[in-house]
Protein chains: 2
Amino acid sequence: MKVTLEQVAKYAGVSRGTVDRVVNKRGNVKPEVEQRVREALKALNYERNKIASALAYSKNEKKVCAMFQKTDSEDYNAKIMQGIHDAKKELKDFGISVEVAICNTSDAGEFIRKIDAMIQEGICGFAIKAPSLPEISEKIDSLVQQKMPVITFNSDIPESHRTCFVGQNLYQSGRVAGNIMASLVRPGEKIVIGCGIPQYNAHQERVDGFVYELKKRGFQEEQWKVFHTNQNYDVTYRCLEEIFEEEDNIRGIYMSVEPNEACGAFLEEHSFLQHPYVVCHDTAPETIEYLKKGVFEYIIDQDIYMQSYYSLLLLRDAFRNGTCDSGKVLGVNIYNAACFE
Amino acid sequence: MKVTLEQVAKYAGVSRGTVDRVVNKRGNVKPEVEQRVREALKALNYERNKIASALAYSKNEKKVCAMFQKTDSEDYNAKIMQGIHDAKKELKDFGISVEVAICNTSDAGEFIRKIDAMIQEGICGFAIKAPSLPEISEKIDSLVQQKMPVITFNSDIPESHRTCFVGQNLYQSGRVAGNIMASLVRPGEKIVIGCGIPQYNAHQERVDGFVYELKKRGFQEEQWKVFHTNQNYDVTYRCLEEIFEEEDNIRGIYMSVEPNEACGAFLEEHSFLQHPYVVCHDTAPETIEYLKKGVFEYIIDQDIYMQSYYSLLLLRDAFRNGTCDSGKVLGVNIYNAACFE
DNA sequence: CTGTTAGCGCCTTCAA
DNA sequence: TTGAAGGCGCTAACAG
């Protein structure tokens with residue numbers, strides 16, 4: 001069952017080293033010998049032992065960097081750090097150490113300075129969550145050109161040549177939300193859509209997906225109304241007050257980004273004949289509380305923990321394989337109150 | 001950063017072997033030496049290298065068995081097999097080989113005979129999906145008494161002393177479904193609940209959870225009606241016909257177990273003013289089709305693939321640690337049509 | 001009770 | 001272009 005390099009070598013009448021050269025395509029093998037080895041490999045159905053391989057390879061020590069911009073939500077930041085922390089533990093045995101760099105602004109300069117500083121320290125791979133700005137994109141391209149793996153997570157920079165992206169498909173997550181809302185709200189009832197900042201592609205994408213799905217399920221433009229939260233608590237609260245004063249028969253609220261709490265507070269502090277169904281994103285503890293209390297109906301999560309964790313693990317594979325499995329779009333997870341029992 | 005046994009040994013003034021004895025609690029170490037080693041361990045913050053450990057330990061070859069009863073759904077069986085297959089590949093490097101045993105009936109005798117046969121072949125651990133019958137439970141107890149890990153998956157045998165269980169909490173999954181339904185259906189509207197076979201605890205549990213949640217959300221007993229599908233296509237179809245003839249204003253159908261297709265076909269072949277919302281379990285390809293077509297509204301999945309895969313991996317940990325992390329209740333995953341885009 | 005040593009299977013350097 | 005050999009860090013058997 002278990003076939004080793006040694007056995008293949010014996011079968012082919014060569015040494016372990018030669019088989020290794022063939023298996024790992026290191027070149028410097030005479031074609032006819034290579035042919036013979038390949039046949040032996042096939043005949044014995046050799047598969048390399050990943051554990052042994054990892055152990056031997058762990059001599060090549062490497063340093064990678066996880067870089068991200070802090071958000072306003074401490075919980076969110078903590079989940080990212082937790083993912084990094086767990087990945088760090090996992091990667092240690094592979095001889096890979098992880099440095100963390102946190103940016104405080106969305107200024108391209110800050111990112112680029114931090115990247116350069118990290119490279120000075122001998123970093124040879126990045127997992128990075130950064131705004132999609134031309135300067136950053138170019139910087140990434142220059143790193144990739146130097147054969148350095150760069151993986152974007154959570155928020156993609158698709159214009160760049162990043163090795164791959166780990167995160168949610170925002171448009172799809174908006175569609176999932178739209179589909180949920182369409183099942184909750186009935187003909188003649190109205191929906192309020194909270195968009196963050198329209199200039200941010202990421203915010204608009206979810207709303208686009210949401211609206212697409214509403215249309216698909218037969219809703220009319222008059223049935224929904226978009227407002228901009230500016231990602232600000234007070235703005236959100238006031239907008240909701242205004243809209244609920246103007247309109248009636250609102251049965252759905254979609255919060256495409258934080259601050260979910262503003263919406264929760266608004267609903268708790270006002271009473272309605274028919275309480276509106278709330279669909280929102282990301283499982284912050286406060287958001288889950290609203291879900292449990294029945295103020296919110298559904299949360300769609302993107303597992304930010306997994307994103308930071310997984311992107312770091314992919315970096316390891318990138319070192320071994322020169323590349324990594326074509327990125328990874330992590331799931332769109334739906335939760336209702338009963339999920340947290 | 002990386003601390004090895006060797007370094008700890010040097011620090012404590014003993015040999016690697018002795019440190020190993022302390023780390024792995026193999027005994028035979030003089031208390032004062034042990035004390036010294038423990039201090040060194042702490043001082044250097046030693047953590048064992050899992051890769052190296054696994055490689056060395058893989059010398060101890062082991063055989064485990066995955067045993068399950070075939071269901072009527074070929075897709076379901078295939079997912080179980082896929083999980084086993086992937087686990088097999090993963091475990092190979094650990095020196096663990098996996099045998100599969102498939103039972104055709106729910107007869108305790110068949111299971112017990114197959115278990116005995118496996119033990120003849122040198123199996124030393126089981127991952128098993130079996131009905132909860134006293135004879136099987138006793139058999140499991142006798143294996144566990146001989147220090148053999150036995151993990152139940154998908155369907156638990158809680159009366160037994162199985163090492164742990166990997167699967168969904170059925171009651172909770174019913175609650176999740178109930179909560180969804182409660183958000184879809186409004187006052188005055190009715191819900192039909194398809195229970196499989198009431199004598200099967202597993203079927204009843206989901207329905208209990210479902211009803212619990214309906215009550216919690218203020219629904220009245222008159223609003224729902226339970227029927228028994230017998231897990232049979234024709235029975236299900238006929239029951240639905242009858243109920244829809246008798247009652248009107250039915251807006252929700254909950255299928256707690258297969259055959260979901262009977263429900264799908266029924267809805268496609270009849271037309272209603274208000275099409276009822278369908279919430280059901282398990283992502284068989286046919287069920288997903290109905291979801292995509294908009295005939296079904298939500299599917300709640302239990303990732304059976306992951307259950308068979310994960311239970312086998314836990315067996316590996318059980319060999320190393322004598323026990324394994326207190327089982328694992330895998331998630332309750334909610335899907336709507338947009339999830340499959 | 002403790003130290004020594006021979007692997008586990010692969011990777012990598014160094015000679016040849 | 002190839003073979004030989006010395007690790008990677010840990011486990012386990014054996015000798016003392």
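In what follows, chains carry the letters A, B, and so on, assigned in the order in which the sequence lines appear, proteins first and then strands, with residues in each chain numbered from 1. No hydrogens, no waters, no symmetry mates; every other heavy atom, side chains included, goes into these values.
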Problem - Pairs touching residues 48-59 of chain B that satisfy side-chain hydrogen bond (donor to acceptor under 3.5 Å, both in side chains), sequence neighbours left out - result: B:Asn24-B:Arg48, B:Ser53-B:Arg320
Problem - Overall bend - the helix from C:dC1-D:dG16 to C:dA16-D:dT1, comparing terminal axes fitted on five pairs, nearest 10 degrees - result: 50°
Handout entry: With sequence neighbours excluded, residues passing side-chain contact (heavy atoms from CB on, under 4.5 Å) with A:Glu135
Key = A:Ala108, A:Ile112, A:Leu133
Practice task
Would you mind listing every salt bridge (charged side-chain N to carboxylate O under 4.0 Å, His left out) that reaches into residues 148-167 of chain B, with sequence neighbours excluded?
Solution key: B:Asp156-B:Arg162
Handout entry: Residues in salt bridge (charged side-chain N to carboxylate O under 4.0 Å, His left out) contact with A:Lys62, at least two apart in sequence or another chain
Key = none
Exercise for the section: Go through residues 48-61 of chain A and report each residue with a non-hydrogen atom lying under 4.0 Å from DNA chain D, sorted by number. Expected result: A:Leu55, A:Ala56, A:Lys59
Fill in the blank from the handout: Sorted by chain and number, sequence neighbours left out, side-chain hydrogen bond (donor to acceptor under 3.5 Å, both in side chains) with B:Gln82 holds for B:Asp86
Problem - Distance in angstrom units between A:Arg26 CZ and C:dT13 C1', rounded - result: 12 Å
Practice task
Could you tell me which residues satisfy side-chain contact (heavy atoms from CB on, under 4.5 Å) with B:Gln35, sequence neighbours excluded, listed by chain and number?
Solution key: B:Glu39
Handout entry: Value in whole Å for how far the P atom of D:dC10 lies from CZ of B:Phe94
Key = 15 Å
Completion exercise
residues 87-96 of chain B vs salt bridge (charged side-chain N to carboxylate O under 4.0 Å, His left out), sequence neighbours excluded, gives A:Glu47-B:Lys92
Any protein N or O atoms within reach of nucleotides 1-3 of chain D? Criterion: under 3.5 Å, listing atom names and distances.
residue, atom, partner, partner atom, Å
D:dT1, OP2, A:Asn28, OD1, 3.3
D:dT1, O3', A:Lys30, N, 3.4
D:dT2, OP2, A:Lys30, N, 2.7
D:dG3, OP2, A:Ser15, N, 2.9
D:dG3, OP2, A:Ser15, OG, 3.1
D:dG3, OP2, A:Thr18, OG1, 2.6
D:dG3, N7, A:Arg21, NH2, 3.3
D:dG3, O6, A:Arg21, NH2, 2.7

Practice task
Quick one: label A:Tyr46 by what it contacts on the DNA or RNA (base, sugar-phosphate, nothing), any heavy atom closer than 4.0 Å.
Solution key: sugar-phosphate
Handout entry: Any donor-acceptor N or O pair under 3.5 Å, side chains B:Thr283, B:Asp301
Key = yes
Handout entry: side-chain contact (heavy atoms from CB on, under 4.5 Å) involving B:Ser308 - partner list, sequence neighbours excluded
Key = B:Ile80, B:Ile84, B:Phe153
Exercise for the section: Could you list the residues that satisfy side-chain contact (heavy atoms from CB on, under 4.5 Å) with B:Thr71, not counting sequence neighbours? Expected result: B:Ser73, B:Tyr76, B:Asn77, B:Lys129
